[in-house]
S.K.: 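Before I ask anything, here is the structure I am working with.
Here is how names work: the chains are called A, B, and so on, in the same order as the sequence lines, proteins then strands, and each is numbered from 1.
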Amino acid sequence: MADPVAPGAGRATGSIGEVTSPPVRVRFAPAPTGYLHIGGARTALFNWLFARQQGGELKLRIEDTDAERSRRELIEIIYRTLEWLGIDWDGEAVHQSDRTHLYTGAVERLLESGAAYRCDCTPEQVQARAAGRGGKPGYDGHCRERQVRPGEGVVARFRVPDEGVTAFDDVIRGHISFENADLEDFVILRSNGVPMFHVANAVDDADMGITHIIRGEDLINVTPRVLLLRQALGITELPVFAHLPLIVNEKRQKLSKRRDDVSVGDYIDRGYLPEAMVNYLATLGWGAPDGVEIRPLPEIVELFRLEDVGSSGAFFDLKKLDHFNATYIRALTTDEFVNRSTRWLFGEAPWPAERFDAKAFEALAPLVQQRVEVLSQVPGYVDFVFLAEPVVDEASWEKVMVKGAESAAAMLDAIIDAYGTCDWDADALMEAIKVEGERLALPRKQWQAPVRVAVTGRSVGPPLGESLVVLGRERTLERLRAARSRL
RNA sequence: GCCCCCAUCGUCCAGUGGCCUAGGACGCCGCCCUUUCAAGGCGGUAACACGGGUUCGAAUCCCGUUGGGGGUGCCA
């Protein structure tokens, strides 16, 4: 087996000396019990990268066998989020809720062949007996020989062999094996008649011709169940498994929707670019051979190797994501930057829509573009233009106008005077500040600060000259005088 | 408890027996550039968890320890 990633590796599938590999087909199989989160997005991405790299197919399968927890609108969100990320799939999405007959059929066959049996123990009884035995929790095989009849509160369980091992080779982790004795007789059919996800999993992966199962490490433990089920159902082909390392929080725990900020949708709302998100996600568990991290997706597709994926958990580092995002934002054309900023300029902007002036924004856009890390920061750089009054940042005011009141007053008086008559272009405006600053013998640091705070309310922002040009002489003088009178 | 997995700078990746006085990136800290903030340039900080083997030689192979994580549902 020269290629560890080849499906069915180990079994000769062609004539001597010529092993033909079936085309690669992978799937992303989310359960619609919540929005798409970072971990799911990464799993989807790695499946997509592998499929595209191999010239194979990516199928999308919605695992909604648990009707109580699955919600229709969440499926829609999953589609939209994947589309935002640029992860496209081949063919129609498969919904397991449309295919329950296949799974119940499989359960029937298992029951008939004796690979499974019915059980009427309540969870409480199972627990009580486990506690009584001391130690080992889990089901004890109580109903194996009881010939329980179908009925209320009856489930079907898979009869796990008492001996032997169930093992598989993982492309990322190598050989993984489980003692059958450690596996309990797991439920395959709920008492409400709906088959469990591992049954659907085993049936669908075989039925859909999935060649590689790429998913999170948290699913390693269910793999032996699926393997046992496939075997009992007479499915002979074996997919290649690849269990991805988990993405973890700062405490090195698996990201959780409850305690961690992981909804991809939230990142969309904050103004992360999909290409930055995808690029960053690709570096979690994988690295290009040449060490270049920020690079176009097609290059990543070309370089991606499943067997190069690492095996230890990766921390989702927001700081690094921000760096990626800022880099991608700066690389945009100005038009594209303006375009992508739209949503933060209107609906969610801090100013009334009618006060927005596209021309003014476009003048400042290239300067703002090289300063923001996420698009939601855009309004903060230009709001002084579209608001009747600047939003005064207290810390800035305190530092510049209160602590430096004396020089601020002198500077403002001088500038109000100069700006009344000077040319209204960026160079002239800045030259005036320089001239007055020098004349007043102020440290360079204090030259523009009072003007900036008076006009924009903040001590940081786009270059001052350009900002003033956009604001206009009247409004600038108005604000300078207002600030001066507040000193 | 039991089962499974993991273990290189604070973080993400390189490194698959000698090229390692361990490399890159993010972060952080300096300096330069700069009439704000960024960007850019230069430099710095910082890691092979521990203990045994195997070998002429180990970050790389084996065993153990410790630590971390995942699972242990009629969720997926």
S.K.: Polar-atom pairs under 3.5 Å, protein N or O versus N or O of nucleotides 74-76 of chain B: list them with distances, or write none.
M.R.:
from	atom 1	to	atom 2	distance (Å)
B:C74	O2	A:Ser191	N	2.8
B:C74	O2	A:Ser191	OG	2.8
B:C74	N3	A:Ser191	OG	3.0
B:C75	OP2	A:Arg190	NE	2.1
B:C75	OP2	A:Arg190	NH2	2.9
B:C75	O3'	A:Arg190	NH2	3.1
B:C75	O2'	A:Asp66	OD2	3.2
B:C75	O2'	A:Arg69	NE	3.0
B:C75	O2'	A:Arg69	NH2	2.6
B:C75	O2	A:Arg69	NH2	2.9
B:A76	OP1	A:Thr65	OG1	2.7
B:A76	OP1	A:Arg190	NH2	2.4
B:A76	OP2	A:Arg190	NH2	3.4
B:A76	OP2	A:Phe197	N	3.4
B:A76	O3'	A:Glu63	OE1	2.9

S.K.: Using a 3.5 Å cut-off and no angle test, enumerate the donor-acceptor pairs between side-chain atoms of residues 400-413 of chain A and protein atoms at least two apart in sequence or in another chain.
M.R.:
from	atom 1	to	atom 2	distance (Å)
A:Ser407	OG	A:Gly404	O	3.3
A:Ser407	OG	A:Gln446	OE1	3.0
A:Asp413	OD1	A:Arg484	NE	2.8
A:Asp413	OD2	A:Arg484	NE	3.2
A:Asp413	OD2	A:Arg484	NH2	3.3

S.K.: Checking A:Phe168 now: which residues fulfil ring pair (Phe, Tyr, Trp, His ring centres under 6.0 Å) with it, not counting sequence neighbours?
M.R.: A:Phe241, A:His243
S.K.: Grab the N/O contacts between the protein and nucleotides 64-66 of chain B below 3.5 Å, and write none if there aren't any.
M.R.:
none

S.K.: Between protein and nucleic acid, restricted to nucleotides 28-33 of chain B and to nitrogen or oxygen atoms under 3.5 Å apart, what atom pairs and distances do you find?
M.R.:
none

S.K.: Taking only residues two or more places apart in sequence, or in another chain, which ones meet A:Phe28 in a ring pair (Phe, Tyr, Trp, His ring centres under 6.0 Å)?
M.R.: none
S.K.: Detail all sub-3.5 Å separations between protein N/O atoms and N/O atoms belonging to nucleotides 3-8 of chain B.
M.R.:
from	atom 1	to	atom 2	distance (Å)
B:C5	O2'	A:Arg173	NH1	2.8
B:C5	O2'	A:Glu217	OE2	3.1

S.K.: Restricting to side chain to side chain donor-acceptor pair (under 3.5 Å), what partner residues turn up for A:Asn47, sequence neighbours left out?
M.R.: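 Scan of A:Asn47 (side chain to side chain donor-acceptor pair (under 3.5 Å), adjacent residues dropped) gives none.
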S.K.: Here's a test of your reading of the structure: between A:Val292 and A:Val460, which maps to the more 5' nucleotide of RNA chain B?
M.R.: A:Val292
S.K.: Can you sort out the partners of A:Tyr117 under ring pair (Phe, Tyr, Trp, His ring centres under 6.0 Å), two or more places apart, ordered by chain and number?
M.R.: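 If we apply the ring pair (Phe, Tyr, Trp, His ring centres under 6.0 Å) test to A:Tyr117, skipping adjacent residues, there are no hits.
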S.K.: Can you check nucleotides 49-51 of chain B for protein contacts, nitrogen or oxygen pairs under 3.5 Å, and list what you find?
M.R.:
none

S.K.: Is there a residue in residues 429-437 of chain A whose heavy atoms reach under 4.0 Å of RNA chain B, and which residues are they?
M.R.: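 Close to the strand are A:Met430, A:Glu431, A:Ile433, A:Lys434.
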S.K.: Where along residues 250-259 of chain A does a heavy atom fall under 4.0 Å from RNA chain B?
M.R.: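 A:Arg252, A:Gln253, A:Lys254 - these, ordered by number, are the residues of the stretch whose heavy atoms sit under 4.0 Å from the strand.
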